[in-house]
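Note sheet for the following structure.
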Amino acid sequence: MRRSGKITIAHLVARKREARPIPMLTCYDFSTARLLAEAGVDVILVGDTYAEVCLGHESTIPVSMDEMVSIAAAVRRGAPQAFLIGDMPFLSYQVDPNDAVRNAGRFLASAGCDCVKVEVDRRLAPTVEAIARAGIPVMAHLGLGPQSIHRLGGYRCQGKTAEDALRIIEDARIMEEAGAVALLLEAVTNEVARSVAERTALPVIGCVSGPFCDGQVLVLHDILGYTAGHRPRAVKCYADLHQTLTDAFSRYAEDVRQRDYPRDSDGAAMPAEEAEKLRQKLQGAE
Ligand code: KIV
């Protein structure tokens, strides 16, 4: 049965065609997914940045397929109408295209995702092709691939030389040909983002890649001022949850220390006659 109001890839393609920018955020849990849905953010990435912002790892590399599928299912429960993208974790697709198809399928079958995302370059075109051939919508993530951070040697802007820019622009074309339904460009120059977005009918989502893409994605914790460590310079902050939450936690801790919470009225009292019976029984037992 088709749910009315459900966002599909056709909606994203139409938004690109109509030049209506697509807001997208990462999300990792049910309660936050409900807030995103309420706020009208209807494209959600269950990103492997979960490893960093929720699990406290140094990189995205340690998170597993099981963890990603489990949190994607929680996000889906919170945002039933969203276009939901499951981020395929490190080594869930790089080794063997058959594994890639099976793992991608888990995001759809077990978590209710609409699409999967893979960090790729042209060498992984056969994998993108295999996933697409299996009927699984796939978003190709190009530019900076955090899963390759050890090879790249750091979080650096990509496409700064003409040669590097042409390589990324050509990779985007190859991914479209391989059957990707959307592209994500992370940390590429404005020129690369513009060239890629202008040369394809696919929706192109930018992540700290300037203003020329068809949509934008950021890590939720970064825009909320909730990130423990480094936040990229180009990320705009829309709240200061660090301050708001530490204030709330300190006030709670102080209330408990001062016995200001809970008070009598915050607890449940027994009916008077039962309390009296209890008092007598306890006295009799002494
Ligand atoms: O995992 C993630 O959050 C991502 C975004 C940075 C695009 O891939």
Side-chain angles (χ1 to χ4, degrees), residues 24-29 32 44-75 84-108 110-111 113 115-128 130-131 136 138-159 164 167-168 171 175 180 183-188 205-209 217-223 226-235:
M24 164 170 155
L25 279 170
T26 66
C27 184
Y28 318 97
D29 71 279
T32 312
I44 299 179
L45 170 66
V46 181
D48 61 358
T49 39
Y50 173 72
E52 297 171 312
V53 298
C54 297
L55 300 182
H57 292 295
E58 290 286 319
S59 75
T60 59
I61 286 173
V63 73
S64 70
M65 254 323 280
D66 286 349
E67 287 170 296
M68 290 302 295
V69 169
S70 165
I71 63 165
V75 172
L84 188 64
I85 304 157
D87 204 2
M88 297 198 55
F90 183 59
L91 293 195
S92 68
Y93 59 95
Q94 290 97 333
V95 179
D96 170 9
N98 292 325
D99 277 353
V101 173
R102 263 189 291 274
N103 285 324
R106 287 185 63 194
F107 273 112
L108 270 64
S110 306
C113 286
C115 183
V116 298
K117 175 169 84 60
V118 284
E119 290 177 18
V120 286
D121 58 27
R122 66 193 67 182
R123 289 169 297 184
L124 281 171
T127 299
V128 169
I131 296 172
I136 300 168
V138 52
M139 170 183 263
H141 178 153
L142 299 165
L144 180 80
Q147 290 175 14
S148 306
I149 202 63
H150 297 305
R151 177 172 57 79
L152 295 171
Y155 293 92
R156 292 201 195 91
C157 181
Q158 307 291 300
D164 201 36
R167 176 186 59 78
I168 300 168
D171 278 358
M175 289 305 144
L183 304 174
L184 188 148
L185 297 177
E186 178 165 358
V188 302
I205 307 296
C207 178
V208 290
S209 291
V217 63
L218 287 173
V219 172
L220 185 106
H221 289 53
D222 288 344
I223 72 156
Y226 191 19
T227 311
H230 164 77
R231 175 161 38 85
R233 183 185 51 80
V235 171

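Only heavy atoms go into these numbers, but all of them, side chains included; no hydrogens, no water, no symmetry mates.
With contacts defined as side-chain heavy-atom distances shorter than 4.5 Å, the pair Phe90/Glu119 does not qualify. Residues Val219 and Thr227 form no side-chain contact, since every pair of their non-hydrogen atoms from C-beta on lies 4.5 Å or further apart. You'll find the side chain of Asp29 stays beyond 4.5 Å of the side chain of Val75, heavy atoms only. Inter-residue side-chain proximity for Asn103 and Tyr93 is flagged as unmet; no heavy-atom pair is nearer than 4.5 Å. Put simply, the side chain of Ile205 reaches to within 4.5 Å of the side chain of Met139, judged on heavy atoms. Between Val188 and Leu142 there is no side-chain heavy-atom pair separated by less than 4.5 Å.
A search for side chain to side chain donor-acceptor pair (under 3.5 Å) contacts involving Arg151 returns nothing, not counting sequence neighbours.
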- Query: Under the side chain to side chain contact (heavy atoms under 4.5 Å, CB included) criterion, do Met88 and Met68 qualify, and how do the steps go?
  - Reply: CA-CA 8 Å; Met88 297 198 55; Met68 290 302 295; over 6 Å; no
- Task: Apply side chain to side chain contact (heavy atoms under 4.5 Å, CB included) to the pair Val120 and Thr127, showing each step before the final yes or no.
- Result: CA-CA 9 Å; Val120 286; Thr127 299; over 6 Å; no
- Might you work through the side chain to side chain contact (heavy atoms under 4.5 Å, CB included) test for Leu184 and Met24, ending with a clear yes or no? CA-CA 11 Å; Leu184 188 148; Met24 164 170 155; 4.1 Å; yes
- Which is it for Val46 and Asp87 under the side chain to side chain contact (heavy atoms under 4.5 Å, CB included) test, yes or no, and what are the steps along the way? CA-CA 6 Å; Val46 181; Asp87 204 2; 5.8 Å; no
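Contact record, Ile131 with Ala104: CG2-CB, 4.0 Å, taken as the closest heavy-atom pair. Minimum heavy-atom separation, Pro89 to Val63: CB-O, 3.5 Å. For Met175 against Asp121, the heavy-atom pair with the smallest separation is CE-O, 3.1 Å. Heavy atoms only, all atoms of each residue included: Ala111 and Ala73 are closest at CB-N, 3.6 Å. Taking all atoms of both residues into account, the shortest heavy-atom contact from Ile85 to Cys113 is C-SG, 4.3 Å. Shown here for Val128 and Val118, the closest heavy-atom pair between the two residues is CG2-CG2, 4.1 Å.
The salt bridge (Lys or Arg N to Asp or Glu O under 4.0 Å) pairs that include a residue from residues 95-106 are Asp66-Arg106, Asp99-Arg102, where partners are two or more places apart or lie in different chains.
Atom CG of Leu25 sits about 6.5 Å away from atom CG of Leu218, to the nearest 0.5 Å. Residue Glu186 holds its CD atom at 9.0 Å from CD of Gln158, rounded to the nearest 0.5 Å. Atom CG of Leu45 sits about 8.5 Å away from atom CG of Leu84, to the nearest 0.5 Å. The NE2 atom of His141 lies 11.0 Å from the CG atom of Leu183; values are rounded to the nearest 0.5 Å.
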All N/O donor-acceptor pairs, side-chain side in residues 47-62, below 3.5 Å, sequence neighbours left out:
| residue | atom | partner | partner atom | Å |
| --- | --- | --- | --- | --- |
| Asp48 | OD2 | Gln147 | NE2 | 2.7 |
| Thr49 | OG1 | Tyr28 | OH | 2.7 |
| Ser59 | OG | Ile61 | N | 3.1 |

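Side chain of Ser92 to main chain of Met65: no donor-acceptor pair is present (N/O by atom type, distance under 3.5 Å, no hydrogens or angles).
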